[in-house]
Amino acid sequence: MFEHFDNLRVRFAPSPTGYLHIGGARTALFNWLLARRHGGKFILRIEDTDELRSTEEAVGGILEGLHWLGLNWDEGPDVGGPHEPYFQSRRREIYHKYARTLIESGNAYFDTLTPPPAPGQKPAPQVGIDRRAYDAESRNAPPDSQLELFEKGAEFPLRIKCPQGTVSFQDAVRGEVAVNLDDVGDIVILKRNGGPVYNFTVVVDDADMAINLVLRGEDHISNTPKQLVIYNLLDLTPPKFAHVPLILGSDKKRLSKRHGATDILEYKTQGYLRDVMINFLALIGWNPGDDREVMSRDELVSAFSIGGLGASSGVYNQSKLDNFQGVHVRIMGVEDLSRLMQDFLPKEYTADREKYLEVVELLHDRIVKFSEAEHLMHYFFGEPRYNEKMVKKFLTDNPNREELFPIILENVEEADPFTAGQLEARFRLVSKLKKVGLGKLLQPVRVAVTGDRMSPGMFETLEVLGKDISLKRLRRYMAL
RNA sequence: GGCCCUAUCGUCUAGAGGUCUAGGACGCAGCCCUCUCAAGGCUGAAACACGGGUUCGAUUCCCGUUAGGGCUACCA
């Protein structure tokens, strides 16, 4: 029943009270994947009814994050659409229209009994209150009187009249969820100041925007019954629901800054590929039904199905992300890699296209995050940043320096042509004749030329560096 | 506290009553390759939370316990 969709309309509805974290990004991704898979529409709606906590910057950050991931929306901010506006803060009249409907049908009433909350205090819990008092005071007041209050702009919270019994729904990932309506209660839909409340705005907007499948975080599962009551009172057909598990940190607690980067844009600046992020995120709580793990965006779209969603929460795994990044980098051609990586490098590094490509080729298997690429290749484009400990160990304090360094220098000097093949042949011969391991010969070279103990193959590195630079760096430490 | 959700290797997961001596991936360990670091190849350690049922038979179904998570606002 959840596998086939006509005119699928899904949405991502973040509230701009902070950056787009990876949990939200994943929810957005699932919705996007679903829309693309079934030829439906992906709608973006900004839930900024909390005027105190919502900010413009947050909106910008969320849009930027979504753009970076390539999760383009068919309707929403910037692109518009037939159900504008897509910001809840600009839909107040719509909410009031629906509120009026509820009052007229006798399904909502002003709560004249509950005192205003003390400033800065949470209002007292209203579930399980003594209904009888409300029944006498205003719950059973005639709709006309309530409408009058509404017109006057009464300073009372507007509550729905929750019926008794149970509500249930078929969750696409969990099956049936049933709740006793006594646990829902007469929830507030309009605040004392007339502002609409979340559980009311989602219902109104999802209905108004013709959303027919709501896929969201598990933290909303308890809100669903409340929303269902409102759908019923409004005589509206509710959408289907799918609640995906949350992403947890390594301590199984809700993901937070303590677990590393959680702003999706942080991954961009660290140099993760957007397709890696998408691949990684999709696999937390979903699988294609076979053993595939590393998947392209297109593969993800065609493999995605709501049936592949799991119900148990997943823990964020940084080393898996890094592994995915490495694999995606390796299967990518040098051309693509070079292009995607150049924003993370100084302009001087990429100016000489040919040399840049040679360097990238050498480092192809060693690059993970692009933010680390500069360090891996810096010595090709300028003086090495020497690791003093290694300089000491392999060069200045090398016990065999007098014996080996002249030989090393001589062979580099005389290599002609100055190619990896030529250099390798010479060094292998020396190694054999002098009965010295290649490592003994090459580690000092490596430190002198690259500044540290690890690099791509030494012969290839020397070739790309060229004879002049190689010799200059070697002589600095090896000329006795 | 109340209500709701979840429960397979450390982690992501496959498994939809017998195919499970439980499969894959990351990570970890060892070996191979090797001029270092990677990459690659091979091998290994590593899990069905617990207790009751149902059944000829439960990782798979039901109940409970425990654990984790969520919600419990005139926040979203």
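Keep in mind that what you see is a predicted model, and the values were worked out from it rather than measured.
When rounded to the nearest whole Å, the span between CZ of Phe280(A) and C1' of G27(B) equals 13 Å. Distance CG (Asp251(A)) to P (U11(B)): 12 Å, rounded to an integer number of Å. Here the P atom of nucleotide G70(B) and the NZ atom of Lys226(A) are 15 Å apart, to the nearest Å. Taking atom CZ on Arg216(A) and atom P on G70(B), their separation rounds to 17 Å, with Å as the unit. Leu309(A) has its CG atom 14 Å from the C1' atom of C12(B), to the nearest Å. Rounded to an integer number of Å, the gap from CD of Glu218(A) to P of U6(B) is 8 Å. One atom, CD1 of Ile22(A), and another, C1' of C12(B), lie 13 Å apart when rounded to the nearest Å. When rounded to the nearest whole Å, the span between CD1 of Ile221(A) and C1' of A76(B) equals 17 Å.
Of the listed nucleotides (G70(B), U72(B), U11(B)), G70(B) has the atom at the smallest distance from the side chain of Leu246(A). Taking every side-chain heavy atom of Phe459(A) into account, C35(B) is the closest of C3(B), C35(B), C5(B). Listed nucleotides: A25(B), C74(B), U72(B). Nearest to the side chain of Lys320(A): A25(B).
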Below 3.5 Å, can you tabulate the donor-acceptor pairs from side chains in residues 196-206 of chain A to any protein atom, sequence neighbours excluded?
from      : atom 1 : to        : atom 2 : distance (Å)
Tyr198(A) : OH     : His220(A) : ND1    : 3.1
Thr201(A) : OG1    : Gln88(A)  : NE2    : 3.3
Thr201(A) : OG1    : Tyr198(A) : O      : 2.9
Asp205(A) : OD1    : Arg91(A)  : NH1    : 2.3
Asp205(A) : OD1    : Tyr95(A)  : OH     : 3.2
Asp205(A) : OD2    : Gln88(A)  : NE2    : 2.8
Asp205(A) : OD2    : Tyr95(A)  : OH     : 2.6
Asp206(A) : OD1    : Arg11(A)  : NE     : 3.0
Asp206(A) : OD1    : Arg45(A)  : NH1    : 2.9
Asp206(A) : OD1    : Arg45(A)  : NH2    : 3.1
Asp206(A) : OD2    : Arg11(A)  : NH2    : 2.8

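Under the 30°/60° scheme for interplanar angles, the aromatic rings of His328(A) and Phe324(A) are found to be tilted. Between Tyr231(A) and Phe241(A), the ring-plane angle classifies as perpendicular under the 30° and 60° cut-offs. Using cut-offs of 30° and 60° for the angle between ring planes, the Phe427(A) and Phe459(A) rings count as tilted.
In this view, Ser302(A) satisfies the side chain to side chain contact (heavy atoms under 4.5 Å, CB included) rule with no residue, not counting sequence neighbours. The salt bridge (charged side-chain N to carboxylate O under 4.0 Å, His left out) check on Lys389(A) picks up nothing, with sequence neighbours excluded. The side chain to side chain contact (heavy atoms under 4.5 Å, CB included) check on Glu56(A) picks up nothing, with sequence neighbours excluded.
Here Asn317(A) lies in heavy-atom contact (under 4.0 Å) with a base. Residue contacts for Asn223(A): at a heavy-atom cut-off of 4.0 Å it reaches a base atom on one of the strands shown. In this structure, Thr201(A) reaches neither bases nor backbone, as no heavy-atom distance under 4.0 Å exists between it and the strands shown. At the heavy-atom level, Ser15(A) lies under 4.0 Å from the strands shown only through sugar-phosphate atoms. Among the protein residues, His364(A) comes within range of no part of the nucleic acid, since none of its heavy atoms lies under 4.0 Å from any strand.
Sorted pairs that involve residues 12-25 of chain A and meet salt bridge (charged side-chain N to carboxylate O under 4.0 Å, His left out), not counting sequence neighbours, are lacking altogether. Residue pairs satisfying the side chain to side chain donor-acceptor pair (under 3.5 Å) criterion with at least one member in residues 431-450 of chain A, sequence neighbours excluded, are listed as follows: Gln443(A)-Arg446(A), Arg446(A)-Ser455(A). Within the structure, the salt bridge (charged side-chain N to carboxylate O under 4.0 Å, His left out) test picks out no pair touching residues 15-29 of chain A (sequence neighbours left out).
One C1' atom belongs to G27(B), the other to A16(B), and the distance between them is 29 Å to the nearest Å. Rounded to whole Å, the separation between the P atoms of C75(B) and G52(B) comes to 49 Å. C28(B) and A45(B): their C1' atoms are spaced 9 Å apart (whole Å). Of the P atoms belonging to G70(B) and U54(B), the separation is 37 Å, rounded to the nearest Å.
Nucleotide C71(B) has G2(B) as its partner under the Watson-Crick or G-U criteria, with both atom distances under 3.5 Å. When Watson-Crick and G-U wobble pairs are counted only if both distances are under 3.5 Å, U36(B) pairs with no nucleotide at all. In this structure, U11(B) forms a base pair with A25(B), meeting either the Watson-Crick or the G-U wobble geometry with both donor-acceptor distances under 3.5 Å. Pairing of C56(B), defined by two Watson-Crick or G-U wobble distances under 3.5 Å, is identified with G18(B). Base pairing annotation: A49(B) forms a Watson-Crick or G-U wobble pair with U65(B), both donor-acceptor distances under 3.5 Å.
OP1 or OP2 of A73(B) has not a single side-chain nitrogen or oxygen of Lys191(A) nearer than 4.0 Å.
Using a 4.0 Å cut-off between charged side-chain N and carboxylate O, Arg100(A) and Glu151(A) make a salt bridge.
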Show the distances under 3.5 angstrom between N or O atoms of the protein and N or O atoms of nucleotides 13-15 of chain B.
from   : atom 1 : to        : atom 2 : distance (Å)
U13(B) : OP1    : Gly285(A) : N      : 2.5
U13(B) : O3'    : Asn287(A) : ND2    : 3.2
A14(B) : OP1    : Asn287(A) : ND2    : 2.6

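Looking at which nucleotide of RNA chain B each of Leu438(A) and Leu190(A) is closest to, the 5′-most match is held by Leu438(A).
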Checklist outcome for this item: Protein-proximity profile, nucleotides 36-50 of chain B, B/S/- by nucleotide at the 4.0 Å heavy-atom cutoff, equals BBBSS----------
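No hydrogens or angles were tested; on distance alone, a donor-acceptor pair under 3.5 Å links the side chain of Glu293(A) to the base of G24(B).
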